[in-house]
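Read the structure below first, then the notes.
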Amino acid sequence: MKAYFNGRTGLCSLLIGCAILAAPNMANAQEGVTARTPATPLVAHDPYFSIWSFDDQLARPTKHWTGTEQQLSGWLRIDGKALRFMGGGKGDVMAQQSRAITPTRTSYEFESNGVHLTATFFTPALPHDLDVMSRPVTYLSWTVRSTDGRDHAVQLYFDANAQLAVDGEQQSVVWGTSRVGDMTVMHMGTNSQQVLQKSGDNVRIDWGWAELAVPQQPGMSTATIGHRARDAFIESGTFAESDDIAMPRVVQRQNRPLMAVRFDFGTVGAKEDTRRAMLAYDDIESIEYFKRRLPAYWRRNGMTMAELLVRAEKEEASLRARGEAFDRELTADLERAGGRNYAEVAILAYRQTLAAHKLVADIDGTPLYFSKENFSNGCIDTVDVTYPSSPFFLLFNPALLEAQLRPIMDYSAMPRWRFPFAPHDIGTYPLANGQVYGGGELTEDNQMPVEESGNMLIMIYALAKAQGNADFAGKYWKQLSAWAGYLRDKGLDPENQLSTDDFAGHLAHNANLSIKAILALDSYAELARMLGKRSEAKQYRALALQMAAKWQEMAKDGDHTKLTFDKVGTWSQKYNLVWDKLLGLNVFPKALFKSEIAYYLTRQNAFGMPLDSRKTYTKLDWITWSATLADSQKDFVALTDPLHRFMTESPTRVPLSDWYETTNGTQSGFQARSVVGGVFIKMLDTPDVWKKWSTKR
């Protein structure tokens with residue numbers, strides 16, 4: 001794909017890329033992350049179907065990413081003794097030996113009383129295959145074998161709690177069981193089914209159906225039961241002969257409903273024996289987009305949930321093979337790019353990034369991809385959330401970045417958006433009906449005019465480079481030209497306003513924000529060049545260079561650059577500079593990159609470099625961006641290794657936070673956000689690696 005080598009990208013970076021690709025595989029390149037993590041992804045699909053373990057041991061209550069319990073539970077009976085391996089509840093706990101995370105899988109190993117158990121959660125999160133990626137199906141498998149040379153009588157029990165289908169436990173649910181192909185499919189959901197009637201941040205879905213699909217297997221029994229029937233299995237091994245039909249039932253009641261399966265393995269010896277199931281969620285309709293209700297992408301041609309489950313079951317073996325190959329190749333490339341510690345942070349971030357989005361189909365089948373601003377304000381398709389996560393999508397499938405940008409561009413083209421700068425968002429998830437942040441559509445109060453306009457221009461040029469054409473930009477040239485004009489007038493020395501780091505408050509004369517505006521103007525120049533608009537290209541290239549020269553004079557403060565142009569003795573991470581390097585813009589001198597890196601290395605705390613001189617907190621994504629400015633692998637590792645320490649030592653047990661304290665590793669705010677996908681930016685630093693992954697089919 002020629003786009004990677006056009007423009008001003010130097011031959012040196014290509015040679016470095018070839019050398020990295022030629023490097024031998026590292027010995028542990030195929031290993032998953034076995035180190036302790038703040039939380040572990042189990043079922044991670046979208047903002048509503050996202051279940052995690054918040055503990056080192058799987059035998060603790062599992063939770064939705066928000067921290068609300070959504071329990072998946074399991075027991076293994078060995079020679080008549082029940083041992084819990086997953087979730088909360090009665091009985092002794094099976095000894096957990098290990099846990100490993102790869103991009104698409106999480107697996108646990110247990111061993112007690114002479115029997116070994118492997119429990120695996122596999123989500124085929126393959127971003128180059130939108131049909132597969134959009135399926136709300138996670139494969140569950142359990143493999144047992146004897147370890148002491150003796151035969152053992154083994155039974156396995158698993159259930160999924162009604163909590164999966166409600167926002168709060170005061171809500172009531174109904175359920176049923178169907179035959180789908182050779183599978184038994186249990187489903188459970190609220191009896192009210194108020195589809196797309198709720199929006200907000202700390203909320204869970206309360207429409208649609210949680211599904212537990214179990215293919216026909218030896219020793220299999222299924223039933224929708226209550227807690228009391230589960231206790232019978234734990235105590236005596238008996239299992240319900242029929243479904244509980246006392247419904248609707250409030251979830252918080254003592255005998256809460258469960259979708260359950262028991263597998264009687266019979267006699268287990270040294271040979272492995274496996275049973276499997278699928279956990280799925282049918283949300284019926286996924287996103288409201290300017291009053292149009294849109295289905296999940298997998299539904300765009302009329303596929304039903306029953307048909308999806310049949311196909312998913314049929315393709316399980318091939319998808320597992322594809323997932324394992326994907327995991328091996330990606331892990332190896334991550335290690336080559338940034339070392340083992342960097343690779344482990346990226347692997348943990350992988351499914352989290354995808355699970356903070358929902359892929360839907362517009363009325364003509366066009367993919368639209370919506371982020372949720374998790375534990376920030378719940379906004380949908382937030383531009384300054386898309387911006388930090390954009391490296392992930394530029395790497396794995398640029399079409400997914402386009403699918404996030406398109407709704408913003410279409411919204412900005414509507415008469416209702418009357419400002420000369422880019423929007424911040426288009427609503428509160430899952431209702432994408434217009435901006436709600438700041439002054440919304442009414443005033444410029446608390447808007448992010450330089451931030452969002454700069455973000456959009458940079459991302460659209462990066463998209464054009466990845467796709468090899470500027471067709472997307474050409475469709476929206478009127479808006480892009482307006483935003484370029486705004487940045488021309490307002491970008492060099494920004495007025496008092498918010499940036500993407502809005503938690504830090506308003507800031508005037510923001511030097512890092514000014515960099516974004518300058519690089520956005522040069523990105524606009526490059527888009528104009530690609531579209532044959534030579535006069536505009538020349539004009540804006542000259543303007544960007546002129547502004548960059550002024551910036552260096554305004555920002556200089558001895559051996560580093562200032563946080564704001566008017567305050568000496570301050571500093572900040574200039575993470576926006578990274579696009580100058582990655583896109584080959586060459587607007588700022590390379591000496592600036594080197595001096596910044598040298599200074600950053602002097603500002604390190606135990607868990608990383610602070611965001612700027614005002615506070616000791618930092619942003620995980622921005623550290624990786626700043627570190628990618630380094631030409632030296634040694635310097636990159638020095639700046640990013642503290643992120644691995646944060647991952648393994650943070651006392652805050654939540655899905656990976658991007659905003660935390662560098663002094664003690666505690667969470668400052670945010671969790672489970674898509675912005676952690678920004679750590680993949682290092683992979684864009686090698687053109688051949690970027691090309692290989694973005695063109696994968």
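What you are looking at is a predicted structure, and each value in this text was computed from that prediction instead of being measured. We number each residue from 1, following the sequence as shown.
A salt bridge links Glu335 with Arg340: the closest approach of a Lys/Arg side-chain nitrogen to an acidic carboxylate oxygen falls below 4.0 angstrom. The residues Asp635 and Lys594 are annotated as not salt-bridged, no charged nitrogen and carboxylate oxygen being separated by less than 4.0 angstrom. With respect to Arg653 and Asp55, no salt bridge is recorded, no charged nitrogen being found less than 4.0 Å from a carboxylate O. Asp201 and Lys372 are joined by a salt bridge, as a carboxylate oxygen and a charged side-chain nitrogen come within less than 4.0 angstrom of each other.
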Which side-chain N or O atoms in residues 389-404 pair as donor and acceptor under 3.5 Å with protein atoms at least two apart or in another chain?
| residue | atom | partner | partner atom | Å |
| --- | --- | --- | --- | --- |
| Ser389 | OG | Val385 | O | 3.2 |
| Ser389 | OG | Thr386 | O | 3.1 |
| Ser390 | OG | Tyr387 | O | 2.7 |
| Asn397 | OD1 | Ala399 | N | 3.0 |
| Asn397 | ND2 | Pro127 | O | 2.9 |
| Glu402 | OE1 | Gln467 | NE2 | 3.0 |
| Glu402 | OE2 | Arg406 | NH2 | 2.5 |
| Gln404 | OE1 | His357 | NE2 | 3.4 |
| Gln404 | NE2 | Leu400 | O | 3.4 |

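Ring-centre distance between Tyr660 and Phe646: below the 6.0 Å cut-off. No close placement of the Tyr461 and Trp579 rings is indicated, their centers lying 6.0 Å or farther apart. Between Phe503 and Tyr617, the distance separating the two ring centers is shorter than 6.0 angstrom. Within the 6.0 Å centre-distance limit, the rings of Phe326 and Tyr350 are counted as a close aromatic pair.
The backbone N or O of Pro610 sits nowhere less than 3.5 Å from a side-chain atom of Gln604 that would complete a donor-acceptor pair. A distance-only check finds a donor-acceptor pair linking the side chain of Asp46 to the backbone of Phe49 [under 3.5 Å]. Under a 3.5 Å cut-off, the side chain of Trp65 and the backbone N or O of Pro47 do form a donor-acceptor pair. At distances below 3.5 Å, at least one donor-acceptor pair connects side-chain atoms of Ser657 with backbone N or O atoms of Phe670. Judged purely by atom type and a 3.5 angstrom limit, Thr331 has no side-chain atom pairing as donor or acceptor with the backbone of Arg328. Under the 3.5 Å distance criterion, the side-chain polar atoms of Thr686 are left unmatched by any main-chain donor or acceptor of Asp688. A donor-acceptor pair is defined here as one N or O able to donate and one able to accept, closer than 3.5 Å; such a pair exists between the side chain of Gln573 and the backbone of Met609. Although no hydrogens or angles enter the test, the distance criterion places a donor-acceptor pair under 3.5 Å between the side chain of Ser134 and the main chain of Asp131. At distances below 3.5 Å, not a single donor-acceptor pair connects side-chain atoms of Thr652 with backbone N or O atoms of Thr666. At distances below 3.5 Å, not a single donor-acceptor pair connects side-chain atoms of Asp658 with backbone N or O atoms of Val675.
Of the candidates Thr123, Asp327, Thr138, Arg105 forms a side chain to side chain donor-acceptor pair (under 3.5 Å) with just one, namely Asp327.
When the shell of 6.0 Å around NZ of Lys696 is examined, it contains more than 12 heavy atoms from other residues, nucleotides or ligands. The environment of NZ in Lys590 is crowded: more than 12 heavy-atom neighbours from other residues, nucleotides or ligands sit within 6.0 Å.
Taken from NZ in Lys691 to CG in Leu684, the straight-line distance is 15.5 Å, to the nearest 0.5 Å. Taking CD of Gln97 as the reference point, atom OG1 of Thr34 lies at 13.5 Å (rounded to 0.5 Å). Note that CG of Leu330 is 7.0 Å distant from CD1 of Ile347, once rounded to the nearest 0.5 Å. With rounding to the nearest 0.5 Å, the separation of CZ in Phe121 from CG in Leu279 is 9.0 Å. Interatomic distance, Thr628 OG1 to Ile623 CD1, rounded to the nearest 0.5 Å: 11.5 Å. Distance NZ/Lys358 to OG/Ser286: 4.0 Å, rounded to 0.5 Å.
Side-chain atoms of Gln70 and His64 form no donor-acceptor pair, as typed in the model, at a separation below 3.5 Å. Residues Thr118 and Glu109 have side chains that bring a donor and an acceptor to within less than 3.5 angstrom of each other. With no hydrogens or angles considered, no side-chain donor-acceptor pair links Ser626 and Lys574 at under 3.5 Å. No side-chain donor-acceptor contact under 3.5 Å links Tyr437 and Asp384. Defined by atom type and a distance below 3.5 Å, a donor-acceptor pair is missing between the side-chain atoms of Arg673 and Thr353. Checking Arg204 against Asn202 by side-chain atom types alone, a donor-acceptor pair falls below 3.5 Å. Looking at Arg351 and Thr106, their side chains do bring a donor and an acceptor atom within 3.5 Å of each other. At a cut-off of 3.5 Å, with distance as the only test, a side-chain donor of Thr561 or Glu596 sits close to an acceptor on the other residue.
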Could you walk me through whether Phe110 and Ser98 pass side-chain contact (heavy atoms from CB on, under 4.5 Å), step by step?
CA-CA 7 Å; Phe110 306 88; Ser98 65; over 6 Å; no

Residue pair Tyr429, Tyr48: steps toward the ring pair (Phe, Tyr, Trp, His ring centres under 6.0 Å) verdict:
CA-CA 10 Å; Tyr429 193 94; Tyr48 288 137; 5.6 Å; yes

Residues Thr37, Arg99; criterion side chain to side chain donor-acceptor pair (under 3.5 Å); working and verdict:
CA-CA 10 Å; Thr37 57; Arg99 181 234 58 208; 3.2 Å; yes

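You'll find the side chain of Thr616 reaches within 4.5 Å of the side chain of Glu661, heavy atoms only. Within the 4.5 Å cutoff, the side chain of Val345 has no heavy atoms near those of the Thr640 side chain. Side-chain contact between Leu58 and Leu42 is present, with heavy atoms from C-beta onward closer than 4.5 Å. Contact of the Tyr297 side chain with the Tyr369 side chain is not registered, since no non-hydrogen atoms from C-beta on lie closer than 4.5 Å. Contact annotation: the side chain of Leu319 approaches that of Phe122 to within less than 4.5 Å [non-hydrogen atoms, C-beta and beyond]. The side-chain heavy atoms of Asp381 and Phe370, taken from C-beta on, include a pair separated by under 4.5 Å. Side-chain contact between Asp612 and Asp501 is absent, with no heavy-atom pair separated by less than 4.5 Å. In this structure the side chain of Met448 never reaches within 4.5 angstrom of the side chain of Ser499, judged on heavy atoms.
Minimum heavy-atom separation, Pro388 to Asp621: CB-OD2, 3.4 Å. Scanning both residues, Asn455 and Val383, for their nearest heavy atoms gives CB-CG1, 3.7 Å. Here the closest heavy-atom approach between residue Ser73 and residue Gly88 is recorded as OG-O, 3.9 Å. Here the shortest heavy-atom pairing between Val137 and Pro124 reads O-CD, 3.8 Å.
Taking Thr648 as the reference, Ala35, His644 meet the side-chain contact (heavy atoms from CB on, under 4.5 Å) condition, with sequence neighbours excluded. With sequence neighbours left out, the salt bridge (Lys or Arg N to Asp or Glu O under 4.0 Å) criterion links Asp129 to Arg322.
In this pair, Phe636 and Tyr342 present their aromatic rings perpendicular. The plane angle is above 60°, beyond the 30 to 60° band. Taking the six-membered ring where the residue is Trp, Trp622 and Trp625 present perpendicular rings, their angle passing 60° and hence far from 30°.
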